K.L.:
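Below is the structure I would like to discuss, written out as C-alpha cells.
One-based numbering, in listed order, for ligands and for the atoms of each. As the structure is a computational prediction, the values presented were derived from the model and not from experiment.
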Amino acid sequence: MSNPYIEQAEEAILHTYNRYQIVLDHGEGVHLYDVNGKEYLDFAAGIAVQSLGYNNKKYTQALKDQIDKLTHISNLYYSVPMMEAAQKVKKASGMEKVFFTNSGTEAIEGALKVARKYSYGKYGKDRYEIIAMNHSFHGRSMGALSVTGNAHYREPFEPLIGGVRFTDYNDLESVKAQVTDKTCGIILETLQGEGGIYPATEEFLKGLRALCDEKDLILILDEIQCGMGRTGYQFAWQEYGVEPDVMTCAKALGCGVPVGAFVVGKKAAESSLAPGDHGTTYGGNPFVCAAVSVVFDLYEEEHILENVREVGAYLTEKLDALVQKYDFFAERRGKGLIQGIEVTGRPIGEIVSRAQEEGVLIITAGSNVLRFVPPLVITKADVDEMVTKLEKALL
Ligand SMILES: *Cc1c(COP(=O)(O)O)cnc(C)c1O
C-alpha cells in the first residue's frame with residue numbers, strides 16, 4: 001500500500017532511518033492519531049520524550065505565551081525563563097550549575113569537555129582518558145559517538161576522539177582494570193536504554209563513585225533517557241544516593257521542544273568550564289526554557305513521580321506475567337516506566353508492526369528487546385489496554 005506522504009518524504013529526506021509506515025498527525029493524552037484518523041495507544045512517547053502526553057493544555061499555553069513574547073535572544077543576555085528553568089533543575093537535582101543545550105548529544109559533548117577541562121586545570125594535559133561502557137548509547141556526534149559502546153555505529157566514522165577505553169557495564173572490576181594515570185572521567189547511563197534496558201546495580205554505581213573519589217575522576221551519569229521521572233525518581237541516580245559530578249539530561253526535559261542540559265556538581269562547578277570554554281547560540285533560549293520550566297511545574301502538579309511508581313509497579317507485574325506466559329519472551333528488565341522484554345526465537349519487527357496494526361506503538365532497544373517507555377501520565381487501564389493489544393498482536 002503506497003502512501004503519497006511517505007513517498008514524497010522519502011524523495012526529500014536523507015534515508016538514515018527505516019521509519020515505520022505511519023504518518024502521524026496529532027496527539028491527545030496518551031494517544032496519537034495518524035493522517036487517516038487511526039488511533040494509537042502510545043507506549044513510545046517519541047522515544048521517552050513526551051512524559052506529559054500530548055496536548056497538555058497548561059504546557060501548550062505556556063509555550064504559546066512565550067512565543068508571543070520572545071523566542072530567542074542568544075546567550076549574551078539573560079532571560080527570566082532561563083533563570084527559572086535553571087533554578088528548577090538545580091532544585092530537583094540538588095546539583096550546582098546548569099548549561100542548557102539543544103539535544104542530548106550536545107549535553108554529552110559538554111559533559112566530556114567538563115571532565116577534560118577539570119583534569120587539565122588540575123593535572124595538566126596528559127590526563128585525558130575517558131572510560132565508557134560496552135552497549136552504551138550517548139549520541140551521534142563525533143564526541144558522543146566516541147563514547148558509544150557500539151562498534152557498528154562507530155567504525156565508519158573513525159578516527160573519533162582518542163583516549164576512550166571501553167569496559168563492561170555492571171562490572172566494577174573491569175572498570176578498575178581500565179583506570180590508568182591518564183584517566184580523567186567515567187561515563188555511563190544510570191540505566192542503559194538503547195543498549196537493551198539494563199539498570200545499573202547499586203554495587204556498581206556506589207563502587208564507581210568511590211573509585212572516582214579515590215582517583216579524582218569526573219563521574220558522568222547520562223540521564224537523557226532514564227532521567228526526568230522515568231524510573232520513579234526525578235533522576236535515576238537519586239534512587240541509589242550516588243550523585244554524579246556531571247549529569248546529562250534531554251529527552252523529557254522539555255517534553256517535546258529540543259532542549260538538553262548538562263548539570264555539574266560542586267567539584268566540577270568550582271574548577272572546570274570558564275568563560276570562553278563552551279557556548280551555543282540557541283541553547284537555553286527563552287522558548288525552550290519556558291517549556292522546561294512548565295514541565296517541572298506540571299511534574300509537581302500532576303504528581304508524576306507517584307504515578308510512575310504506582311503504574312510502573314503495575315506494568316512490571318503485567319510484563320512479568322507475559323514473560324511467564326510466552327516462551328519467546330526471555331526476560332523483563334527495567335524500572336518504573338522504562339521497561340524492556342527480551343525476545344528470543346521470534347522476529348521482533350513483526351511483533352512491533354502487528355502491535356501497530358492493533359493500535360499500540362511499542363519500540364525496540366538493542367536488537368531483540370521490546371521497549372516500553374510510555375508517557376508518564378498513563379493509567380493502569382492504559383497498561384491493560386496495551387497488554388490486550390500486544391497479546392492480540394502475538395496471535
Ligand atoms: C537519546 C539519547 C542520547 C542522545 O540524545 P539526542 O537528543 O538524540 O541527541 C544520549 N544518551 C542517551 C542515554 C539517550 O537515550
K.L.:
Please check if the distance between the ring centroids of Tyr54 and His31 is under 6.0 Å.
P.N.:
no
K.L.:
Got the residues with a heavy atom under 4.0 Å of ligand 1, by chain and number?
P.N.:
Ser103, Gly104, Thr105, Phe137, His138, Glu189, Asp222, Ile224, Gln225, Lys251
K.L.:
Show me the pairs that pass side chain to side chain donor-acceptor pair (under 3.5 Å) and involve residues 344-353, at least two apart or across chains.
P.N.:
none
K.L.:
Quick one: side-chain hydrogen bond (donor to acceptor under 3.5 Å, both in side chains) partners of Thr280, sequence neighbours excluded?
P.N.:
Asn102
K.L.:
Would you say Leu219 and Val242 make side-chain contact, with heavy atoms under 4.5 Å?
P.N.:
yes
K.L.:
Examine Phe204 together with Tyr169 and report whether their ring centres are nearer than 6.0 Å.
P.N.:
yes
K.L.:
Side chains of residues 140-147: which donor-acceptor pairs under 3.5 Å do they make with residues two or more places apart or in other chains?
P.N.:
{"from": "Ser141", "atom 1": "OG", "to": "Glu109", "atom 2": "OE2", "distance (Å)": "2.4"}
{"from": "Ser141", "atom 1": "OG", "to": "Ala144", "atom 2": "N", "distance (Å)": "3.4"}
{"from": "Ser146", "atom 1": "OG", "to": "Met142", "atom 2": "O", "distance (Å)": "2.5"}
{"from": "Ser146", "atom 1": "OG", "to": "Ile161", "atom 2": "N", "distance (Å)": "3.0"}

